[in-house]
Q: 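Below is a structure I'd like to ask you about.
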Amino acid sequence: MIIRVPAPADLPALRAVERAAGQRFRDLGMARIADDEPPPLALLTEYQRAGRALAAYDTDRPGAPPVGYLLWDPVDGCTHVEQVSVHPDRARRGIGRALIDRAGKDGGRPALTLTTFAEVPWNAPYYTRLGFRALAGTALTPGLRALRAHEAELGLDRWPRVCMRREARSGPRT
């Protein structure tokens with residue numbers, strides 16, 4: 001698997017990956033999430049240019065489509081995973097883990113954070129298996145509180161949400 005900052009020509013394919021990955025939410029009665037539009041190309045371009053977009057590829061062959069992607073932001077001294085999506089045809093093969101580990105390495109900060117659905121099997125339970133821990137409300141940084149408030153404004157609190165954190169790992173990453 002190859003993980004790298006995607007080429008500009010790959011950005012539309014990231015939107016397709018997210019649309020495909022989002023369909024799994026429909027089976028949980030979360031059609032609103034399944035139907036949510038992926039980030040617009042202009043925003044993906046900003047992440048790509050800043051080096052804060054990562055894409056996973058099966059091969060380094062030119063023109064190979066990405067099979068997963070991750071966007072991250074610096075938030076309160078941490079690398080905050082804004083979005084991670086893996087095409088369902090490529091799920092359960094370590095792609096999400098590899099993208100998250102790479103973001104931690106590239107971000108160079110003491111910890112990774114994210115916000116996610118607490119009860120969706122491939123969300124909080126998955127991140128717990130990757131070493132993330134749920135944060136109590138009193139442990140939320142100002143940036144995480146602001147992100148959660150924005151999520152609430154968007155109506156995401158219709159389903160239980162949680163902030164999570166994983167300390168940076170020392171040593172080599174795969």
Q: Are any of the side-chain heavy atoms of Trp72 and Arg109 separated by less than 4.5 Å?
A: yes

Q: Can you tell if the side chain of Val162 reaches within under 4.5 Å of the side chain of Thr116, non-hydrogen atoms only?
A: yes

Q: Identify whether Ile3 and Ile100 are in the same connected component of the hydrophobic contact network (ILVMFWY, side-chain heavy atoms under 4.5 Å).
A: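 Shared cluster, yes.
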
Q: Identify whether Trp159 and Phe25 are in the same connected component of the hydrophobic contact network (ILVMFWY, side-chain heavy atoms under 4.5 Å).
A: yes

Q: Would a hydrophobic clustering, with Ile, Leu, Val, Met, Phe, Trp and Tyr connected at side-chain separations under 4.5 Å, put Tyr69 with Ile95?
A: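 No; tracing contacts between hydrophobic side chains, which count when under 4.5 Å, never links both residues.
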
Q: Determine whether Thr115 and His80 make a side-chain contact, defined as any pair of heavy atoms from C-beta on separated by less than 4.5 Å.
A: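 In short, these two side chains touch, coming nearer than 4.5 Å.
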
Q: If you draw a 6.0 Å radius around CZ in Arg145, do more than 12 non-hydrogen atoms from other residues or ligands fall strictly inside?
A: yes

Q: I'd like to know if the side chain of Arg165 reaches the main chain of Arg133, judged simply by a donor and an acceptor atom lying under 3.5 Å from each other, with no hydrogens or angles considered.
A: no

Q: Answer yes if Phe117 and Leu147 sit in the same cluster of Ile, Leu, Val, Met, Phe, Trp and Tyr residues linked by side chain heavy atoms under 4.5 Å apart, and no otherwise.
A: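 Per the 4.5 Å side-chain linkage, Phe117 and Leu147 are not co-clustered.
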
Q: Same cluster or not: are Leu11 and Leu71 linked, directly or through other Ile, Leu, Val, Met, Phe, Trp or Tyr residues, by side-chain heavy atoms under 4.5 angstrom apart?
A: yes

Q: For Pro12 and Leu41, work out which heavy atoms get closest and say how close.
A: N-CD2, 3.7 Å

Q: Return yes if some donor-acceptor pair links the side-chain N/O of Arg102 with the main-chain N/O of Leu54 below 3.5 Å, else return no.
A: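 Side chain of Arg102 to backbone of Leu54: no pair is present.
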
Q: What's the separation between atom CG in Leu99 and atom CE in Met1, rounded to the nearest 0.5 Å?
A: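 Interatomic distance, Leu99 CG to Met1 CE, rounded to 0.5 Å: 7.0 Å.
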
Q: How close do Val67 and Val17 get, counting heavy atoms only, and between which atoms?
A: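 Scanning both residues, the minimum pair turns out to be O-CG1, 4.0 Å.
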
Q: Could you please spell out the steps behind the side-chain contact (heavy atoms from CB on, under 4.5 Å) verdict for Tyr127 and Leu112?
A: CA-CA 11 Å; Tyr127 297 122; Leu112 288 135; over 6 Å; no

Q: Closest approach of Ala64 and Thr59, non-hydrogen atoms and distance?
A: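 Minimum heavy-atom separation between Ala64 and Thr59: CB-CG2, 3.5 Å.
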
Q: Can you tell if the side chain of Pro66 reaches within under 4.5 Å of the side chain of Leu14, non-hydrogen atoms only?
A: yes

Q: In plain terms, say whether Arg52 and Glu46 are close enough for a salt bridge, that is, a side-chain N and a carboxylate O under 4.0 Å apart.
A: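 The answer is no: the pair does not qualify as a salt bridge.
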
Q: Is any side-chain N of the basic residue among Glu151 and Arg148 closer than 4.0 Å to the acidic one's carboxylate O?
A: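 Yes, this pair counts.
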
Q: Kindly indicate, with the supporting measurements, whether the criterion side-chain contact (heavy atoms from CB on, under 4.5 Å) is fulfilled by Arg92 and Val86.
A: CA-CA 9 Å; Arg92 304 185 64 92; Val86 174; over 6 Å; no

Q: Decide whether a cation-pi geometry holds between Arg4 and Tyr57; the criteria are a distance under 6.0 Å from NZ or CZ to the six-membered ring centre and an angle within 45° of the ring axis.
A: yes

Q: Under a 4.0 Å N-O cut-off, is there an ion pair linking Asp157 with Arg161?
A: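 Salt bridge between Asp157 and Arg161, a charged N being under 4.0 Å from a carboxylate O: no.
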
Q: Is it the case that the side chain of Gln48 and the backbone of Ala53 share a donor-acceptor pair, with hydrogens and angles ignored and the cut-off at 3.5 Å?
A: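 No, Gln48 side chain to Ala53 backbone: no donor-acceptor pair under 3.5 Å.
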
Q: Supply the atom-to-atom distance His87 NE2 to Asp58 CG, rounded to the nearest 0.5 angstrom.
A: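 Rounded to the nearest 0.5 Å, the NE2-CG separation comes to 11.0 Å.
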
Q: Indicate the atoms forming the closest heavy-atom contact of Pro110 with Gly77, along with that distance.
A: CD-O, 3.2 Å

Q: Would you mind reporting whether Pro121 and Leu28 have side-chain heavy atoms less than 4.5 Å apart?
A: yes

Q: As an exercise, state the distance from CD of Gln23 to CE of Met30, rounded to the nearest 0.5 Å.
A: 13.0 Å

Q: What are the two closest heavy atoms between Glu18 and Ser85, and how far apart are they?
A: CG-OG, 3.7 Å

Q: Do the non-hydrogen side-chain atoms of Pro8 and Thr45 ever get within less than 4.5 Å of each other?
A: no

Q: Show your working on side-chain contact (heavy atoms from CB on, under 4.5 Å) between Leu114 and Arg166 and close with a plain yes or no.
A: CA-CA 9 Å; Leu114 54 84; Arg166 181 179 89 183; over 6 Å; no

Q: Could you report the tightest heavy-atom contact between Pro39 and Arg15, atom names first, then the distance?
A: O-NH1, 2.9 Å

Q: Any donor-acceptor pair under 3.5 Å linking the side chain of Tyr126 with the backbone of Arg97?
A: yes

Q: Answer whether the closest heavy-atom distance between the side chains of Leu156 and His150 falls below 4.5 Å.
A: no

Q: Is the side chain of Asp76 donor-acceptor paired with the backbone N or O of Gly143 at a distance under 3.5 Å, no angle test?
A: yes

